[in-house]
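A short worksheet on the structure shown next.
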Amino acid sequence: MTTRSLAIIGGGISGLSAAFWFKQRTSFPVTLLEAGSRWGGVLHTRKWKNLPVEMSADTFDAGGGAVLELCERLGLGSGLVPHEPFFSGLFLKGKNHMSPVPFSGSILKSGALSLRAKMRILSEPFIPSSEKDSGESLAGFIRRRLGASFLREIAGPVIRGVIMAEPEELSARYYLPQWVNAEKRFGSLAREVFLKTGTKKEGKKVFSVRNGLECLIEKTVESLSAYHLCLDSSVSAVEKRKDGWRLTLKDGGSLMADSVILAMPAPEAARLLAGYSGSLARKLSQIRYDLVMTLAMIFPAQGLPEELLGTGFVVPAPGSVWPFSSLKLIGKDESGEWVRMKAFISGVFQKEMFPKIDGDVTAAILNTIKKEWRIPDPVWTSLERYREAIPQYAPDYPRKIGALNDEVSRHPGLFLTGNGYGGFGISECVRSAFMTARHASEYLKHL
Ligand SMILES: Cc1cc2nc3c(=O)[nH]c(=O)nc-3n(C[C@H](O)[C@H](O)[C@H](O)COP(=O)(O)OP(=O)(O)OC[C@H]3O[C@@H](n4cnc5c(N)ncnc54)[C@H](O)[C@@H]3O)c2cc1C
(Lines give C-alpha, C1' and ligand atoms only; values in the text may rest on other atoms or scores of the structure.)
Protein backbone atom coordinates (compact mmCIF):
# COMPACT_ATOMS: atom_id res chain seq x y z
CA MET A 1 0.00 0.00 0.00
CA THR A 2 1.40 3.45 -0.88
CA THR A 3 1.73 5.88 2.01
CA ARG A 4 -0.58 8.86 1.72
CA SER A 5 0.99 12.25 2.38
CA LEU A 6 -0.07 15.62 3.72
CA ALA A 7 1.36 19.09 3.02
CA ILE A 8 0.66 21.95 5.41
CA ILE A 9 1.33 25.47 4.13
CA GLY A 10 1.95 28.07 6.85
CA GLY A 11 4.06 27.69 10.00
CA GLY A 12 2.09 29.94 12.35
CA ILE A 13 0.31 28.51 15.40
CA SER A 14 -2.45 27.09 13.14
CA GLY A 15 -0.16 25.15 10.80
CA LEU A 16 2.05 23.97 13.68
CA SER A 17 -0.98 22.80 15.70
CA ALA A 18 -2.36 20.86 12.72
CA ALA A 19 1.05 19.19 12.28
CA PHE A 20 1.21 18.45 16.02
CA TRP A 21 -2.20 16.74 15.92
CA PHE A 22 -1.04 14.59 12.98
CA LYS A 23 2.20 13.65 14.76
CA GLN A 24 0.35 12.59 17.92
CA ARG A 25 -2.33 10.52 16.22
CA THR A 26 -1.24 9.32 12.77
CA SER A 27 1.75 7.90 10.92
CA PHE A 28 1.20 9.79 7.66
CA PRO A 29 4.28 11.68 6.43
CA VAL A 30 3.86 15.46 6.64
CA THR A 31 5.69 18.33 4.93
CA LEU A 32 5.29 21.75 6.57
CA LEU A 33 6.17 24.75 4.40
CA GLU A 34 6.72 28.22 5.82
CA ALA A 35 7.47 31.29 3.69
CA GLY A 36 9.37 33.13 6.43
CA SER A 37 12.72 32.40 8.01
CA ARG A 38 11.26 31.60 11.46
CA TRP A 39 8.28 29.63 12.79
CA GLY A 40 5.33 31.18 14.61
CA GLY A 41 3.79 33.57 12.07
CA VAL A 42 2.46 36.63 13.89
CA LEU A 43 3.49 35.16 17.27
CA HIS A 44 6.87 36.68 17.99
CA THR A 45 8.64 37.15 21.31
CA ARG A 46 11.51 39.63 21.53
CA LYS A 47 13.83 39.91 24.53
CA TRP A 48 15.22 42.87 26.43
CA LYS A 49 17.77 41.86 29.11
CA ASN A 50 16.14 38.40 29.25
CA LEU A 51 12.71 39.96 29.75
CA PRO A 52 10.35 38.46 27.15
CA VAL A 53 8.22 40.97 25.25
CA GLU A 54 5.44 39.73 23.00
CA MET A 55 5.06 41.72 19.79
CA SER A 56 1.51 40.50 19.00
CA ALA A 57 -0.47 38.21 21.33
CA ASP A 58 0.48 38.25 25.04
CA THR A 59 -2.18 35.94 26.40
CA PHE A 60 -4.72 33.37 25.27
CA ASP A 61 -7.91 32.08 26.79
CA ALA A 62 -8.43 28.41 27.52
CA GLY A 63 -11.15 28.20 24.86
CA GLY A 64 -12.44 24.64 24.48
CA GLY A 65 -9.20 23.29 26.02
CA ALA A 66 -7.24 22.43 22.84
CA VAL A 67 -4.51 25.01 23.51
CA LEU A 68 -4.13 23.78 27.11
CA GLU A 69 -3.89 20.22 25.79
CA LEU A 70 -1.14 21.37 23.40
CA CYS A 71 0.77 23.07 26.24
CA GLU A 72 0.37 20.08 28.58
CA ARG A 73 1.55 17.58 25.97
CA LEU A 74 4.58 19.76 25.23
CA GLY A 75 5.44 19.87 28.94
CA LEU A 76 4.65 23.59 29.18
CA GLY A 77 1.81 23.30 31.72
CA SER A 78 3.88 24.65 34.63
CA GLY A 79 5.08 27.56 32.46
CA LEU A 80 1.55 28.93 32.05
CA VAL A 81 0.78 32.06 34.07
CA PRO A 82 -2.94 32.69 34.73
CA HIS A 83 -4.35 36.23 34.40
CA GLU A 84 -7.69 37.90 35.05
CA PRO A 85 -10.30 37.54 32.28
CA PHE A 86 -10.04 39.94 29.37
CA PHE A 87 -13.14 41.99 30.21
CA SER A 88 -11.92 42.71 33.74
CA GLY A 89 -9.55 45.48 32.68
CA LEU A 90 -10.93 48.04 30.25
CA PHE A 91 -10.42 51.76 30.80
CA LEU A 92 -11.51 54.96 29.07
CA LYS A 93 -8.91 57.74 29.32
CA GLY A 94 -10.50 61.15 29.60
CA LYS A 95 -8.68 64.47 30.03
CA ASN A 96 -8.01 64.14 33.75
CA HIS A 97 -8.88 60.61 34.72
CA MET A 98 -8.99 56.99 33.63
CA SER A 99 -12.41 55.33 34.21
CA PRO A 100 -12.76 51.56 34.49
CA VAL A 101 -15.43 50.13 32.18
CA PRO A 102 -17.00 47.12 33.88
CA PHE A 103 -19.27 45.18 31.53
CA SER A 104 -21.55 44.24 34.43
CA GLY A 105 -24.14 45.86 36.71
CA SER A 106 -21.40 48.13 38.09
CA ILE A 107 -21.43 50.02 34.81
CA LEU A 108 -24.43 51.94 36.15
CA LYS A 109 -22.06 53.54 38.69
CA SER A 110 -19.53 54.52 36.02
CA GLY A 111 -18.71 58.21 35.73
CA ALA A 112 -18.04 57.64 32.02
CA LEU A 113 -21.78 57.13 31.36
CA SER A 114 -24.42 59.90 31.17
CA LEU A 115 -27.66 59.73 33.18
CA ARG A 116 -29.55 59.37 29.91
CA ALA A 117 -27.46 56.32 28.94
CA LYS A 118 -27.98 54.77 32.40
CA MET A 119 -31.76 55.26 32.23
CA ARG A 120 -31.86 53.62 28.82
CA ILE A 121 -29.82 50.63 30.06
CA LEU A 122 -32.34 50.18 32.90
CA SER A 123 -35.13 49.81 30.33
CA GLU A 124 -33.29 46.98 28.54
CA PRO A 125 -35.41 44.10 29.99
CA PHE A 126 -38.52 45.68 28.42
CA ILE A 127 -37.06 45.81 24.88
CA PRO A 128 -38.56 43.04 22.73
CA SER A 129 -36.17 40.43 21.32
CA SER A 130 -35.24 40.50 17.67
CA GLU A 131 -36.34 37.77 15.29
CA LYS A 132 -33.06 38.15 13.35
CA ASP A 133 -30.64 35.31 13.94
CA SER A 134 -27.68 36.57 11.93
CA GLY A 135 -26.48 39.51 9.93
CA GLU A 136 -26.84 42.10 12.70
CA SER A 137 -23.92 44.41 13.36
CA LEU A 138 -22.41 44.97 16.79
CA ALA A 139 -23.58 48.58 16.62
CA GLY A 140 -27.12 47.51 15.65
CA PHE A 141 -27.35 44.98 18.48
CA ILE A 142 -25.97 47.33 21.16
CA ARG A 143 -28.08 50.28 19.99
CA ARG A 144 -31.23 48.15 19.94
CA ARG A 145 -30.73 46.58 23.38
CA LEU A 146 -28.81 49.23 25.33
CA GLY A 147 -29.33 52.47 23.48
CA ALA A 148 -27.42 54.87 21.25
CA SER A 149 -25.91 56.77 24.21
CA PHE A 150 -24.24 53.64 25.62
CA LEU A 151 -22.90 52.86 22.14
CA ARG A 152 -21.57 56.41 21.72
CA GLU A 153 -20.17 56.91 25.21
CA ILE A 154 -18.64 53.52 26.01
CA ALA A 155 -19.17 50.56 23.68
CA GLY A 156 -18.15 52.39 20.47
CA PRO A 157 -14.83 53.74 21.83
CA VAL A 158 -13.99 50.34 23.40
CA ILE A 159 -14.77 48.41 20.18
CA ARG A 160 -12.87 50.88 17.97
CA GLY A 161 -9.94 50.80 20.38
CA VAL A 162 -9.66 47.08 21.02
CA ILE A 163 -11.08 45.43 17.89
CA MET A 164 -9.85 48.27 15.67
CA ALA A 165 -12.94 48.41 13.44
CA GLU A 166 -16.22 50.34 13.26
CA PRO A 167 -18.94 48.58 15.32
CA GLU A 168 -21.26 49.00 12.30
CA GLU A 169 -18.90 46.74 10.33
CA LEU A 170 -18.63 43.85 12.78
CA SER A 171 -20.89 40.85 13.36
CA ALA A 172 -22.74 40.83 16.70
CA ARG A 173 -22.95 37.05 16.61
CA TYR A 174 -19.17 36.64 16.31
CA TYR A 175 -17.98 39.35 18.70
CA LEU A 176 -20.65 39.16 21.41
CA PRO A 177 -21.94 35.57 21.27
CA GLN A 178 -22.68 35.54 25.01
CA TRP A 179 -24.93 38.61 24.75
CA VAL A 180 -26.65 37.44 21.55
CA ASN A 181 -27.36 34.06 23.18
CA ALA A 182 -28.61 35.75 26.36
CA GLU A 183 -31.16 37.68 24.31
CA LYS A 184 -32.25 34.46 22.59
CA ARG A 185 -32.57 32.47 25.83
CA PHE A 186 -33.91 35.02 28.29
CA GLY A 187 -35.22 37.83 26.06
CA SER A 188 -32.87 40.22 27.86
CA LEU A 189 -29.22 40.78 28.81
CA ALA A 190 -30.10 41.68 32.39
CA ARG A 191 -29.60 38.24 33.89
CA GLU A 192 -26.43 37.27 31.98
CA VAL A 193 -24.66 40.61 31.94
CA PHE A 194 -26.08 43.41 34.04
CA LEU A 195 -27.24 41.58 37.15
CA LYS A 196 -23.64 40.56 37.69
CA THR A 197 -22.23 42.92 40.27
CA GLY A 198 -18.76 43.22 38.77
CA THR A 199 -17.08 42.58 42.12
CA LYS A 200 -16.43 38.97 41.11
CA LYS A 201 -14.24 38.73 37.99
CA GLU A 202 -16.31 37.01 35.33
CA GLY A 203 -15.30 35.38 32.06
CA LYS A 204 -12.70 32.96 30.84
CA LYS A 205 -9.29 32.92 32.54
CA VAL A 206 -6.46 33.84 30.23
CA PHE A 207 -2.85 32.64 30.29
CA SER A 208 0.57 33.83 29.20
CA VAL A 209 3.67 31.67 28.81
CA ARG A 210 6.31 32.56 31.43
CA ASN A 211 9.26 32.75 29.01
CA GLY A 212 7.23 33.98 26.07
CA LEU A 213 4.94 32.42 23.49
CA GLU A 214 8.05 31.65 21.47
CA CYS A 215 8.57 28.70 23.89
CA LEU A 216 5.26 27.25 22.73
CA ILE A 217 6.40 27.61 19.12
CA GLU A 218 9.88 26.16 19.78
CA LYS A 219 8.52 23.17 21.71
CA THR A 220 5.94 22.44 19.02
CA VAL A 221 8.60 22.56 16.29
CA GLU A 222 10.88 20.26 18.36
CA SER A 223 8.05 17.73 18.66
CA LEU A 224 7.78 17.62 14.85
CA SER A 225 11.40 16.65 14.16
CA ALA A 226 10.32 13.49 12.29
CA TYR A 227 8.54 15.64 9.70
CA HIS A 228 9.91 17.48 6.70
CA LEU A 229 10.02 21.06 8.02
CA CYS A 230 10.88 23.74 5.46
CA LEU A 231 11.53 27.40 6.28
CA ASP A 232 12.03 30.00 3.50
CA SER A 233 9.65 27.96 1.35
CA SER A 234 6.99 30.22 -0.06
CA VAL A 235 4.25 28.45 -2.00
CA SER A 236 2.91 30.40 -4.98
CA ALA A 237 0.12 28.13 -6.27
CA VAL A 238 -1.93 25.10 -5.26
CA GLU A 239 -3.96 23.07 -7.74
CA LYS A 240 -5.63 19.68 -8.01
CA ARG A 241 -4.08 17.19 -10.45
CA LYS A 242 -5.20 13.65 -11.31
CA ASP A 243 -2.63 12.19 -8.92
CA GLY A 244 -3.12 14.59 -5.99
CA TRP A 245 -2.46 18.21 -5.02
CA ARG A 246 0.40 20.04 -6.67
CA LEU A 247 2.16 22.84 -4.79
CA THR A 248 4.33 25.23 -6.81
CA LEU A 249 7.03 26.98 -4.82
CA LYS A 250 8.20 30.53 -5.48
CA ASP A 251 11.76 29.27 -6.08
CA GLY A 252 10.47 27.20 -9.02
CA GLY A 253 10.29 23.83 -7.22
CA SER A 254 7.13 21.78 -6.76
CA LEU A 255 5.69 19.14 -4.49
CA MET A 256 2.85 16.60 -4.71
CA ALA A 257 0.69 15.61 -1.74
CA ASP A 258 -2.54 13.62 -1.36
CA SER A 259 -4.03 16.28 0.86
CA VAL A 260 -3.16 19.88 1.65
CA ILE A 261 -3.99 22.18 4.57
CA LEU A 262 -3.72 25.92 3.91
CA ALA A 263 -2.93 27.49 7.31
CA MET A 264 -2.60 31.18 6.52
CA PRO A 265 -4.71 34.36 6.34
CA ALA A 266 -7.65 33.97 3.93
CA PRO A 267 -6.45 36.59 1.35
CA GLU A 268 -3.14 34.71 0.97
CA ALA A 269 -5.04 31.40 0.55
CA ALA A 270 -7.08 33.20 -2.14
CA ARG A 271 -3.89 34.15 -4.01
CA LEU A 272 -2.59 30.55 -3.91
CA LEU A 273 -5.86 29.12 -5.23
CA ALA A 274 -6.64 31.84 -7.81
CA GLY A 275 -5.32 29.84 -10.78
CA TYR A 276 -7.12 26.67 -9.69
CA SER A 277 -10.58 27.97 -8.70
CA GLY A 278 -11.60 31.58 -9.25
CA SER A 279 -14.82 31.04 -7.32
CA LEU A 280 -13.03 29.69 -4.23
CA ALA A 281 -10.47 32.50 -4.41
CA ARG A 282 -13.24 35.12 -4.62
CA LYS A 283 -14.98 33.76 -1.53
CA LEU A 284 -11.69 33.70 0.39
CA SER A 285 -10.79 37.24 -0.62
CA GLN A 286 -14.10 38.51 0.80
CA ILE A 287 -12.85 37.85 4.34
CA ARG A 288 -11.47 41.22 5.30
CA TYR A 289 -8.13 41.75 7.00
CA ASP A 290 -6.63 45.11 7.98
CA LEU A 291 -3.15 46.48 8.53
CA VAL A 292 -1.94 46.65 12.12
CA MET A 293 1.23 47.88 13.83
CA THR A 294 2.28 47.30 17.42
CA LEU A 295 4.76 49.30 19.45
CA ALA A 296 6.09 47.32 22.44
CA MET A 297 7.59 49.43 25.23
CA ILE A 298 9.35 48.85 28.55
CA PHE A 299 9.27 51.51 31.28
CA PRO A 300 10.91 51.53 34.72
CA ALA A 301 8.09 50.79 37.21
CA GLN A 302 9.37 53.37 39.68
CA GLY A 303 7.63 56.68 39.27
CA LEU A 304 4.88 55.44 36.93
CA PRO A 305 1.33 56.36 38.01
CA GLU A 306 -0.49 53.50 39.78
CA GLU A 307 -3.09 53.30 37.00
CA LEU A 308 -0.42 52.21 34.49
CA LEU A 309 0.96 49.41 36.67
CA GLY A 310 -1.99 47.02 36.28
CA THR A 311 -3.21 45.03 33.31
CA GLY A 312 -5.88 45.83 30.75
CA PHE A 313 -6.66 47.97 27.73
CA VAL A 314 -6.87 51.77 27.75
CA VAL A 315 -8.78 53.50 24.96
CA PRO A 316 -9.34 57.24 24.47
CA ALA A 317 -12.64 58.65 25.75
CA PRO A 318 -14.93 60.21 23.10
CA GLY A 319 -13.43 63.50 21.97
CA SER A 320 -9.76 62.46 22.39
CA VAL A 321 -7.73 61.58 19.31
CA TRP A 322 -4.59 59.47 19.66
CA PRO A 323 -2.17 58.26 16.96
CA PHE A 324 -2.97 54.71 18.14
CA SER A 325 -6.17 52.78 18.91
CA SER A 326 -5.44 51.34 22.32
CA LEU A 327 -2.73 50.91 24.91
CA LYS A 328 -2.39 47.46 26.41
CA LEU A 329 -1.07 47.44 29.98
CA ILE A 330 0.79 44.20 30.52
CA GLY A 331 1.84 44.87 34.10
CA LYS A 332 5.10 44.49 36.01
CA ASP A 333 7.63 41.78 35.25
CA GLU A 334 8.45 39.20 37.94
CA SER A 335 11.19 41.40 39.46
CA GLY A 336 8.69 44.25 39.85
CA GLU A 337 11.23 46.63 38.28
CA TRP A 338 9.86 46.96 34.76
CA VAL A 339 6.47 47.59 33.20
CA ARG A 340 5.58 46.45 29.71
CA MET A 341 3.02 48.20 27.52
CA LYS A 342 1.97 47.89 23.93
CA ALA A 343 0.27 50.38 21.62
CA PHE A 344 -1.91 49.09 18.77
CA ILE A 345 -2.02 51.19 15.61
CA SER A 346 -4.94 50.42 13.32
CA GLY A 347 -4.99 50.48 9.52
CA VAL A 348 -8.62 51.66 9.75
CA PHE A 349 -8.30 54.57 12.19
CA GLN A 350 -4.63 55.61 11.94
CA LYS A 351 -4.04 55.18 8.20
CA GLU A 352 -1.75 58.22 8.14
CA MET A 353 0.75 56.43 10.42
CA PHE A 354 1.52 53.56 8.04
CA PRO A 355 3.63 55.38 5.41
CA LYS A 356 5.81 56.87 8.20
CA ILE A 357 9.19 55.37 9.07
CA ASP A 358 9.41 53.41 12.35
CA GLY A 359 11.19 56.22 14.23
CA ASP A 360 8.44 58.74 13.43
CA VAL A 361 5.65 56.32 14.42
CA THR A 362 7.43 55.60 17.71
CA ALA A 363 7.97 59.31 18.43
CA ALA A 364 4.31 60.19 17.73
CA ILE A 365 3.05 57.46 20.07
CA LEU A 366 5.49 58.26 22.87
CA ASN A 367 4.65 61.98 22.69
CA THR A 368 0.98 61.18 23.26
CA ILE A 369 1.62 58.72 26.11
CA LYS A 370 4.01 61.15 27.81
CA LYS A 371 1.55 64.01 27.44
CA GLU A 372 -1.40 61.99 28.80
CA TRP A 373 0.48 60.60 31.84
CA ARG A 374 3.56 62.83 32.26
CA ILE A 375 5.97 59.90 32.40
CA PRO A 376 9.64 59.56 31.36
CA ASP A 377 10.94 57.87 28.19
CA PRO A 378 10.80 54.07 27.98
CA VAL A 379 14.09 52.16 28.26
CA TRP A 380 13.26 50.03 25.21
CA THR A 381 10.83 50.08 22.28
CA SER A 382 10.23 47.88 19.26
CA LEU A 383 7.79 48.31 16.40
CA GLU A 384 6.27 45.55 14.29
CA ARG A 385 4.09 45.86 11.16
CA TYR A 386 1.49 43.27 10.10
CA ARG A 387 -0.03 43.17 6.63
CA GLU A 388 -2.83 40.62 6.96
CA ALA A 389 -2.91 39.61 10.58
CA ILE A 390 -6.34 40.16 12.14
CA PRO A 391 -9.57 39.35 10.29
CA GLN A 392 -12.65 41.53 10.77
CA TYR A 393 -15.80 39.42 10.84
CA ALA A 394 -18.40 41.57 9.09
CA PRO A 395 -22.15 41.32 9.82
CA ASP A 396 -22.60 39.08 6.75
CA TYR A 397 -19.67 36.86 7.80
CA PRO A 398 -21.91 33.94 8.94
CA ARG A 399 -23.42 33.79 5.43
CA LYS A 400 -20.03 34.14 3.72
CA ILE A 401 -18.32 31.49 5.82
CA GLY A 402 -21.22 29.10 5.17
CA ALA A 403 -20.83 29.58 1.40
CA LEU A 404 -17.05 29.18 1.66
CA ASN A 405 -17.33 25.93 3.65
CA ASP A 406 -19.81 24.54 1.10
CA GLU A 407 -17.42 25.33 -1.71
CA VAL A 408 -14.34 23.88 0.03
CA SER A 409 -16.23 20.62 0.61
CA ARG A 410 -16.46 20.27 -3.19
CA HIS A 411 -12.63 20.00 -3.38
CA PRO A 412 -11.80 16.73 -1.59
CA GLY A 413 -8.39 16.73 0.03
CA LEU A 414 -8.23 20.53 0.37
CA PHE A 415 -8.57 21.98 3.89
CA LEU A 416 -8.39 25.51 5.31
CA THR A 417 -7.48 26.50 8.83
CA GLY A 418 -6.44 29.74 10.50
CA ASN A 419 -7.89 32.87 12.00
CA GLY A 420 -10.15 33.72 9.06
CA TYR A 421 -12.52 30.84 9.69
CA GLY A 422 -14.48 31.32 12.87
CA GLY A 423 -12.18 32.65 15.58
CA PHE A 424 -9.00 34.72 15.62
CA GLY A 425 -7.66 34.06 19.14
CA ILE A 426 -4.86 31.56 19.67
CA SER A 427 -7.18 29.10 21.43
CA GLU A 428 -9.62 29.18 18.50
CA CYS A 429 -6.77 28.77 15.98
CA VAL A 430 -5.48 25.69 17.84
CA ARG A 431 -8.97 24.20 18.25
CA SER A 432 -9.80 24.72 14.61
CA ALA A 433 -6.38 23.36 13.50
CA PHE A 434 -6.94 20.16 15.54
CA MET A 435 -10.39 19.74 13.97
CA THR A 436 -9.07 20.39 10.45
CA ALA A 437 -6.24 17.91 11.00
CA ARG A 438 -8.78 15.30 12.09
CA HIS A 439 -10.79 15.86 8.89
CA ALA A 440 -7.62 15.62 6.76
CA SER A 441 -6.60 12.38 8.48
CA GLU A 442 -10.08 10.88 7.88
CA TYR A 443 -9.74 11.86 4.23
CA LEU A 444 -6.30 10.22 3.89
CA LYS A 445 -7.45 7.04 5.67
CA HIS A 446 -10.29 6.59 3.19
CA LEU A 447 -8.34 7.37 0.01
C1 LIG B 1 -1.12 42.43 16.99
C2 LIG B 1 -1.87 41.17 17.33
C3 LIG B 1 -2.26 40.93 18.65
C4 LIG B 1 -2.95 39.75 18.97
N5 LIG B 1 -3.28 39.52 20.27
C6 LIG B 1 -3.85 38.33 20.60
C7 LIG B 1 -4.06 38.00 21.97
O8 LIG B 1 -3.72 38.76 22.88
N9 LIG B 1 -4.61 36.78 22.24
C10 LIG B 1 -4.96 35.90 21.26
O11 LIG B 1 -5.46 34.81 21.58
N12 LIG B 1 -4.76 36.19 19.96
C13 LIG B 1 -4.21 37.37 19.61
N14 LIG B 1 -3.97 37.67 18.30
C15 LIG B 1 -4.44 36.73 17.26
C16 LIG B 1 -3.54 35.52 17.07
O17 LIG B 1 -2.22 35.80 17.46
C18 LIG B 1 -3.54 35.12 15.59
O19 LIG B 1 -4.87 35.01 15.11
C20 LIG B 1 -2.86 33.76 15.38
O21 LIG B 1 -1.56 33.76 15.94
C22 LIG B 1 -2.82 33.48 13.88
O23 LIG B 1 -2.10 32.30 13.66
P24 LIG B 1 -2.12 31.59 12.23
O25 LIG B 1 -1.17 30.48 12.27
O26 LIG B 1 -3.53 31.28 11.84
O27 LIG B 1 -1.65 32.72 11.20
P28 LIG B 1 -0.23 33.41 11.05
O29 LIG B 1 0.40 33.61 12.36
O30 LIG B 1 -0.47 34.59 10.18
O31 LIG B 1 0.63 32.33 10.28
C32 LIG B 1 0.50 32.09 8.91
C33 LIG B 1 1.86 31.65 8.41
O34 LIG B 1 1.73 31.29 7.04
C35 LIG B 1 2.88 31.72 6.36
N36 LIG B 1 2.54 31.86 4.94
C37 LIG B 1 1.69 32.77 4.40
N38 LIG B 1 1.66 32.60 3.07
C39 LIG B 1 2.47 31.57 2.77
C40 LIG B 1 2.86 30.93 1.56
N41 LIG B 1 2.38 31.34 0.39
N42 LIG B 1 3.73 29.89 1.61
C43 LIG B 1 4.22 29.45 2.81
N44 LIG B 1 3.90 30.04 3.98
C45 LIG B 1 3.04 31.08 3.96
C46 LIG B 1 3.21 33.06 7.01
O47 LIG B 1 4.56 33.42 6.78
C48 LIG B 1 2.91 32.76 8.47
O49 LIG B 1 4.04 32.31 9.16
C50 LIG B 1 -3.27 38.82 17.95
C51 LIG B 1 -2.88 39.07 16.63
C52 LIG B 1 -2.17 40.22 16.32
C53 LIG B 1 -1.72 40.45 14.91
Side-chain angles (χ1 to χ4, degrees), residues 36-60 79-81 83 89 91 93 98 161-162 164 206-218 291-316 322-347 350 353-387 389-390 426:
S37 51
R38 60 165 188 83
W39 301 104
V42 300
L43 300 183
H44 189 193
T45 312
R46 292 212 168 118
K47 289 239 158 94
W48 178 76
K49 291 189 175 179
N50 270 339
L51 180 61
V53 187
E54 305 289 1
M55 294 309 299
S56 61
D58 301 276
T59 51
F60 52 82
L80 295 185
V81 184
H83 296 264
F91 303 90
K93 174 77 172 91
M98 203 158 105
V162 177
M164 295 185 275
V206 297
F207 300 88
S208 61
V209 178
R210 182 162 290 112
N211 293 316
L213 276 161
E214 206 126 290
C215 290
L216 172 61
I217 300 300
E218 280 167 11
L291 296 171
V292 181
M293 285 191 276
T294 57
L295 178 70
M297 298 161 276
I298 300 179
F299 292 88
Q302 207 174 17
L304 282 197
E306 195 64 30
E307 63 186 24
L308 291 179
L309 301 180
T311 55
F313 272 97
V314 188
V315 301
W322 290 354
F324 52 98
S325 284
S326 60
L327 183 66
K328 189 170 185 182
L329 307 175
I330 296 155
K332 289 186 189 171
D333 71 326
E334 283 182 351
S335 74
E337 247 185 288
W338 308 107
V339 170
R340 284 162 291 184
M341 293 181 211
K342 188 156 56 200
F344 289 82
I345 306 104
S346 143
Q350 289 90 32
M353 298 292 280
F354 286 75
K356 291 184 197 284
I357 58 166
D358 290 6
D360 290 350
V361 176
T362 305
I365 292 170
L366 288 179
N367 281 343
T368 303
I369 294 176
K370 284 161 64 182
K371 211 163 77 201
E372 292 282 353
W373 283 280
R374 301 187 187 290
I375 56 175
D377 280 323
V379 290
W380 180 89
T381 62
S382 181
L383 186 100
E384 195 135 317
R385 296 170 187 259
Y386 304 90
R387 196 164 61 106
I390 306 185
I426 293 174

Between [atom1] on residue [X] and [atom2] on residue [Y], distance to nearest 0.5 Å:
| X | Y | atom1 | atom2 | value |
| --- | --- | --- | --- | --- |
| I298 | R46 | CD1 | CZ | 12.0 Å |
| F313 | L329 | CZ | CG | 9.0 Å |
| E218 | T45 | CD | OG1 | 8.0 Å |
| M98 | L327 | CE | CG | 8.0 Å |
| I330 | T311 | CD1 | OG1 | 9.5 Å |
| N211 | L216 | CG | CG | 12.5 Å |

Can you tell me if [X] uses its side chain to pair, donor with acceptor, with the backbone of [Y] under 3.5 Å?
| X | Y | result |
| --- | --- | --- |
| E54 | L43 | no |
| T59 | V206 | no |
| K356 | A364 | no |
| D358 | T362 | no |
| E384 | T294 | no |

Are the side chains of [X] and [Y] in touch, meaning some heavy atoms are under 4.5 Å apart?
| X | Y | answer |
| --- | --- | --- |
| H44 | S56 | no |
| M341 | L304 | yes |
| V209 | L80 | yes |
| W338 | K332 | no |
| V81 | F207 | no |
| P305 | I375 | yes |
| P323 | M353 | yes |
| L295 | V361 | no |

Quiz item: side-chain contact (heavy atoms from CB on, under 4.5 Å) between K342 and F324: does it pass, once the steps are laid out?
Solution: CA-CA 10 Å; K342 188 156 56 200; F324 52 98; over 6 Å; no
Quiz prompt | Stacked cation flag K371 on W322, 6.0 angstrom / 45 deg | solution =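 No - K371 does not lie over the ring of W322 by the 6.0 Å and 45° rule.
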Quiz prompt | Worked check of side-chain contact (heavy atoms from CB on, under 4.5 Å) between K93 and W373 | solution = CA-CA 10 Å; K93 174 77 172 91; W373 283 280; 3.5 Å; yes
I need the minimum non-hydrogen distance between [X] and [Y], along with the two atoms involved.
| X | Y | answer |
| --- | --- | --- |
| H83 | S208 | NE2-OG, 2.8 Å |
| V53 | A296 | CG1-CB, 3.6 Å |
| L309 | A301 | CD2-O, 4.1 Å |
| V162 | V315 | CG2-CG1, 4.1 Å |
| I365 | A343 | CG2-CB, 3.8 Å |
| F354 | R385 | O-NH1, 2.9 Å |

Quiz item: Which is it for S325 and Q350 under the side chain to side chain donor-acceptor pair (under 3.5 Å) test, yes or no, and what are the steps along the way?
Solution: CA-CA 8 Å; S325 284; Q350 289 90 32; 3.0 Å; yes
Quiz item: Should M164 and I345 be marked as a side-chain contact (heavy atoms from CB on, under 4.5 Å) after you check the CA-CA gap, both sets of side-chain angles, and the distance that decides it?
Solution: CA-CA 8 Å; M164 295 185 275; I345 306 104; over 6 Å; no
Practice problem: May I ask you to say whether R340 pairs ionically with D58, meaning some side-chain N is under 4.0 Å from a carboxylate O? | Solution: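 Salt bridge absent between R340 and D58.
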Quiz prompt | Carboxylate-amine/guanidinium contact R210 E334, below 4.0 Å | solution = yes
Practice problem: Take F299 and V379 through the side-chain contact (heavy atoms from CB on, under 4.5 Å) test and state the conclusion after the steps. | Solution: CA-CA 6 Å; F299 292 88; V379 290; over 6 Å; no
